[in-house]
**Q** 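Before anything else, here's the structure in question.
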Amino acid sequence: MSQLIVQKYGGSSVADAEKIVNVARRVADSAAQGHRMVVVVSAMGRTTDGLLTLASAITSTPDPREMDMLLATGEQVTIGLLAMALQSLGHPACSFTGLQVGLVTDDAHTRARIKRITAERISAALDVGKIVVVAGFQGVTERGDITTLGRGGSDLTGVALAAALKADVCEIFTDVDGVYTADPNVVPEARKLARVSYDEMLEMASLGAKVLQARSVEFAKKYGVPVHVRSTFKPDSGTLVTREDHSMEDVVVTGITHDRGQAKLSILRVPDRPGIAGKVFGGLGAQNIVVDMIVQNISRDGLTDISFTLPRADRQRAEHVLAGIAKDIGAEGVVADDRVAKVSIVGVGMRSHAGVAARMFAAMSTEGINIQMISTSEIAVSCVIEDKYTELAVRALHDAFELGRE
Ligand code: ASP
Ligand code: MG
């Protein structure tokens, strides 16, 4: 049956000319089966990182509009080359930038949100039998300024185009062959999951399993786009990210994730009275610092400690902001700890099974791992622990929930 397929290839899949030709062959194979093909690509290899480094050699406070002008060039290189590669294989192909496909965003440069996609030129090119190649990660404001969609934004371009074109599937090709029960580098007996629900994938993406950009999963959920995560370098099918169904609830825990890029900050001996938390987190929020887990201790003598985690990259900035706030509100001081990690269990089955968190804590205590902070959502439980125990914790949890077995 002929389908409309959107395929997205990430930076590592198009890292050099040879790999681009390999991608062209894979696209051509699908086209040869009679499918209509739209291909979204990232910048080659680590191009985007390279462009960021270049910018930082010029200024530490780049104008976001100019940053987007710079970053969007990476993807434009790939689309030109891939279209040429397809043509060399004898396939009519045509490349388009974000502007050309009418991918309109708001004007929040470097993290723009998609407002609408016209996609007229894509439809027209498909109608005359062309393979369409689109630059990921980029869009354009109403005024015609180039924007980018945040790191990993090509996933979002793929999913958004699939939604706009009502494609049958969005295939995300990457250097891993699917979503696993845990990071296979940490747990050798981790299994590839055939299917995960959008919500599980969202938890995993935001908890640090970097297979798909979180916003692309939100978008896929909203528009019901089936997303198939698979390997560029292997023919096997990967993991289908899809709507939840009842059978998914039979499994208590679907996967274990971990995130080592965390830091913990504590503000010590804060006066325990209304408005203090608002001041602390309002001040951080005003500086665009996103915090994750928050714990406030029971107060003694009218004073309490507040701890929270945040991305390690923001730690210094947050410490600085917090020192000012601490002085303002009469707190004793601020301490930071970079040696923390977050391990989490994820699964929609948690909604219907009791005692899941207790099983997690028991597994950690058996290994002698101290839990510093805990947070829960409907389908995940996360613990902050000392960084050096991350791998041990992930393996212990993988065992405790019997994820290695079929
Ligand atoms: N090239 C961009 C990045 O590295 C977008 C992407 O690859 O998805 O973040
Ligand atoms: Mg990516």
Side-chain angles (χ1 to χ4, degrees), residues 6-17 19-20 22-23 26-27 38-56 62 64-83 95-101 103 105 108-114 117 133-140 146-163 170-176 179 201-202 204-206 208-220 225 227-233 238 241 261 311 313:
V6 174
Q7 294 187 335
K8 180 262 172 179
Y9 292 88
S12 55
S13 304
V14 293
D16 55 36
K19 290 200 167 109
I20 290 177
N22 173 54
V23 165
R26 280 208 80 143
V27 174
V38 176
V39 188
V40 174
V41 282
S42 293
M44 294 170 68
R46 305 205 162 278
T47 300
T48 308
D49 292 331
L51 293 170
L52 284 166
T53 308
L54 258 180
S56 67
R65 179 188 181 277
E66 304 312 328
M67 197 58 155
D68 279 348
M69 190 64 98
L70 174 69
L71 293 183
T73 60
E75 274 66 14
Q76 198 173 331
V77 171
T78 324
I79 55 171
L81 292 171
L82 181 58
S95 68
F96 294 115
T97 63
L99 171 88
Q100 289 174 314
V101 301
L103 196 155
T105 70
H109 284 285
T110 74
R111 53 190 161 84
R113 289 192 165 265
I114 298 175
I117 303 178
V133 181
V134 183
F137 182 51
Q138 54 175 262
V140 66
I146 292 175
T147 52
T148 63
L149 308 175
R151 295 308 304 271
S154 296
D155 291 349
L156 181 57
T157 307
V159 171
L161 282 179
C170 177
E171 298 181 329
I172 305 268
F173 286 86
T174 174
D175 50 4
V176 297
V179 181
M201 195 64 227
L202 263 178
M204 295 191 204
S206 58
K210 284 175 195 61
V211 188
L212 284 178
Q213 188 217 30
R215 271 167 69 187
S216 71
V217 185
E218 279 166 24
F219 207 98
V225 178
V227 177
H228 185 182
V229 179
R230 52 194 306 193
S231 164
T232 312
F233 309 105
V241 188

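One is the number of the first residue; the rest follow in order along the sequence. Note that ligands are numbered from 1 as they come in the structure, with each ligand's atoms numbered from 1 the same way.
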**Q** Does the side chain to side chain contact (heavy atoms under 4.5 Å, CB included) test come out yes or no for Ile172 and Lys8, once each step is laid out?
**A** CA-CA 5 Å; Ile172 305 268; Lys8 180 262 172 179; 4.1 Å; yes

**Q** So between Gly150, Ser42, Gly11, Gly10, whose heavy atom ends up nearest atom 7 (O) of ligand 1?
**A** Ser42

**Q** At a 4.0 Å cut-off, with the gap strictly under it, does some heavy atom of Gly153 reach an atom of ligand 1?
**A** yes

**Q** Locate the shortest heavy-atom distance separating Thr78 from Met44; write the atom from each residue and the value.
**A** OG1-N, 3.6 Å

**Q** Enumerate the atoms of ligand 1 whose separation from the nearest heavy atom of Arg151 is less than 4.0 angstrom.
**A** 3 (C), 4 (O), 9 (O)

**Q** With a cutoff of 4.0 Å, is Glu75 in contact with ligand 1, counting heavy atoms of the residue only?
**A** yes

**Q** Could you pull out all residues at least two apart from Phe137 that satisfy ring-ring contact (aromatic ring centres under 6.0 Å, His included)?
**A** none

**Q** Kindly write out the residues that satisfy side chain to side chain donor-acceptor pair (under 3.5 Å) with Thr147, not counting sequence neighbours, or none if the list is empty.
**A** Thr105

